[in-house]
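Notes to accompany the following structure.
What you see is a predicted model, and the numbers here were worked out from it, not measured in a lab.
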Amino acid sequence: MRRLLCVLGLALATTAGAVEAPAPRQLAVTAARLIAPEQGKVIEHPLVLIQGDRIIEVRSGGAIPAGYDERIDLGDATLLPGLIDVHVHLDFDPTFGSGNYYKDILTLGPIDTAVLAPSSARRTLEAGFTTVRNLGSNQYIDIALRNAIDRGQIPGPRILAAGIALGATGGHADGGTGFAPNIEFHGANGVVDGVDAIRQRVRENVKRGADVIKFMAGAGVLSNEESVGAAQYTQDEMNALVDEAHRWGRKVAAHAHGAEAIKMAIKAGVDSVEHCSFIDDEGLKLARQRGTWLDFDVYNDDYILSEYAKLGVPQNQIDKEKLVGRTQRESFRRAVRAGEKMAFGTDAGVYPHGWNAKQFAKMVEWGMTPMQAIQAATTQAAELLGWSDKVGSLQPGRYADLIAVDGDPLTDISRLEHVRFVLKGGEVVK
C-alpha cells in the first residue's frame, strides 16, 4: 500500500509539474493573387492558412476560420512558394576578398570564408530563396552552416550541402593548378584519383554530413587548367563515384561544360549535370532517356565579363568564359525546346549572393515562359532535390515557405528580383 501511494504521489507531482506545450501559431496570409506552379495557374484572392511551420490549406477567397487571429494582408501582391536555387556556393563571393586575385588565394583561408558565409545565407534568404543546394564548399563549411541554420542560431535558407567537391589531379577541383611546384595547399581538398580512392572519398563526405555528392566530370572556367570542357575522369571513375554515392542514398551533381564530359556523366547515372554549356544533340537525347536533370547558370556570364578583370582574375579564365557564355545560352534554348528536365541553378558565389533572381530574366529571354522559369525554381527544383513533399509548392503539409512581390511576375519576370516579403517555416524573415 505504501508503495502504491508513492507511485501515485510521483504521478501527481509529474502531472502538476508538466508544462503544456503552447498551441502552434495559426496565421492567415492574403494577397491579390498566388502563382501555383504545380498546377501552372494563378489563384485570385488567395487565402493561405498556416499552422506552425506547415501549410494547412490554400483556397480562393472565403472567410478566415475561427482561431486564425493573426493575419498578414499583402494587398496588390503576388504570392509564390519560397524559391529554390539548386547550385550555390555560400562560402564564396567576389566581394569577400581584397580585389587582388593572387593575394586573396594566398592569404584568405577557410576561417575567413566561414566568418562571411552567414552573410551570404542571410542575403539569399531575404532575396526569397528559402531552399538551396550548396555544391562545393571549403572544408565542410556548408555543412556547419546548414546545421547552424537548422538549429535556429542564424538566419538562412534550408541547405542541402555537398561538402567538398571531388575532382582529378590538375582539374577543376585542384586549386594548386597553375602555381609553381613548390607552392602547396594543405588541408581538406577534393583532389582524388582512381576508383578505390574515389569510393573512399565519397564515404568520407557522407561521414562528414554531406547531403549530396558533387564532382568535376570535366574542366571549368574559373580555374587554371587549359581546357574549359575536357573530361577529367575516366568512365570507370565516374561510374564508381555515382555507384558509391547512390549506395549511401546520396544524389550526385556533375560539373561539366564539355559535350563528352556531359555524356560520360549521364551514362554514369548522375542525377544532375551543372552548366551544360556545350551539350550536343546526343547529350540532350541521352538526358531525356535517363531522366537526368540539366542546370544552366545562364546569368553569370554578364557579371564575369563585366567585373572579373577588375578583380585581377587571370585573363585565361576570362577568355574561357568568352567561349562559354553565348554557347551556353544557345544550349539552354535547345534544351527548353527539347523538353528537358531543367531546374534553376545559378552558381551564386560567382557573383554576389542575393542576386540569384537576376537569372529569371535570362531564362525567359532564352526560351522559357515566365511560368516555366518559376516552375524551374519551385516544383522542378524540389523534385530534383527529392523534397517535393517539403518545399516548392504551397500545398497542405509542405513547409510554410512563401514569398511576395509587387505586381505580377508572369507579365514582368524581373519583379522576382525585388522580393518584399519572405516567410520561412511560418516565421516572417523579411
Side-chain angles (χ1 to χ4, degrees), residues 20-86 125 128-133 149-150 152 155-160 211 251 341 343-344 370-405 408-410 416 419-430:
E20 188 175 337
R25 178 189 190 194
Q26 292 187 310
L27 171 66
V29 180
T30 56
R33 66 198 67 81
L34 179 150
I35 294 175
E38 72 280 1
Q39 300 168 340
K41 71 176 189 179
V42 175
I43 297 173
E44 299 293 339
H45 309 295
L47 171 61
V48 182
L49 301 178
I50 296 164
Q51 189 173 86
D53 65 352
R54 302 285 174 158
I55 293 170
I56 300 300
E57 184 181 356
V58 177
R59 63 181 188 232
S60 178
I64 298 174
Y68 285 83
D69 51 3
E70 188 174 355
R71 177 185 180 184
I72 297 175
D73 182 10
L74 295 165
D76 186 29
T78 300
L79 300 179
L80 301 96
L83 302 173
I84 304 169
D85 192 333
V86 302
L125 179 60
F129 288 81
T130 54
T131 302
V132 299
R133 187 174 61 160
I149 292 169
D150 288 349
R158 308 179 195 281
I159 298 175
L160 282 87
D211 301 300
K251 294 191 175 188
K341 294 171 64 175
F344 184 97
M371 181 63 82
Q372 286 176 319
I374 290 169
Q375 289 169 328
T378 51
T379 51
Q380 290 176 215
E383 183 181 345
L384 166 57
L385 301 183
W387 276 17
S388 292
D389 60 338
K390 298 178 181 180
V391 298
S393 63
L394 298 177
Q395 297 187 78
R398 274 60 170 186
Y399 282 118
D401 296 352
L402 63 88
I403 66 170
V405 297
D408 184 0
L410 293 177
L416 292 175
V419 171
R420 71 174 176 91
F421 175 82
V422 179
L423 193 78
K424 179 194 171 194
E427 297 293 331
V428 176
V429 296
K430 180 178 179 181

After noting the C-alpha distance and the side-chain angles of D401 and R158, does the key distance pass the side-chain contact (heavy atoms from CB on, under 4.5 Å) rule?
CA-CA 10 Å; D401 296 352; R158 308 179 195 281; 2.9 Å; yes
Who are the side-chain hydrogen bond (donor to acceptor under 3.5 Å, both in side chains) partners of D211, not counting sequence neighbours?
R146
Who passes side-chain hydrogen bond (donor to acceptor under 3.5 Å, both in side chains) against T378, sequence neighbours left out?
none
Side-chain touch [X]/[Y], heavy atoms, less than 4.5 angstrom:
X    : Y    : value
V428 : F421 : yes
L423 : L27  : yes
F344 : D85  : yes
D76  : R33  : yes
V42  : D408 : no
M371 : I35  : yes
K251 : L160 : no
L125 : T130 : yes

Can you see which heavy atom on [X] is nearest to which on [Y], and at what distance?
X    : Y    : value
P370 : P409 : CB-O, 3.9 Å
P157 : V132 : CG-CG2, 3.9 Å
R133 : L385 : CD-CD2, 3.7 Å
P37  : Q375 : O-NE2, 3.0 Å
A36  : I43  : CB-CD1, 4.3 Å
A31  : L79  : CB-CG, 3.7 Å

Would you find a donor on one side and an acceptor on the other, under 3.5 Å apart, between the side chain of [X] and the backbone of [Y]?
X    : Y    : result
T379 : E38  : no
R398 : V391 : no
K424 : G156 : yes

What's the separation between atom [atom1] in [X] and atom [atom2] in [Y], rounded to the nearest 0.5 Å?
X    : Y    : atom1 : atom2 : answer
D69  : I64  : CG    : CD1   : 10.0 Å
E383 : K341 : CD    : NZ    : 5.0 Å
R420 : L74  : CZ    : CG    : 5.5 Å
L49  : R59  : CG    : CZ    : 5.5 Å
Y399 : D389 : OH    : CG    : 9.0 Å
L47  : Y68  : CG    : OH    : 9.0 Å

CA sep, side-chain torsions, deciding dist, call: L402, I50, side-chain contact (heavy atoms from CB on, under 4.5 Å)
CA-CA 11 Å; L402 63 88; I50 296 164; 4.2 Å; yes
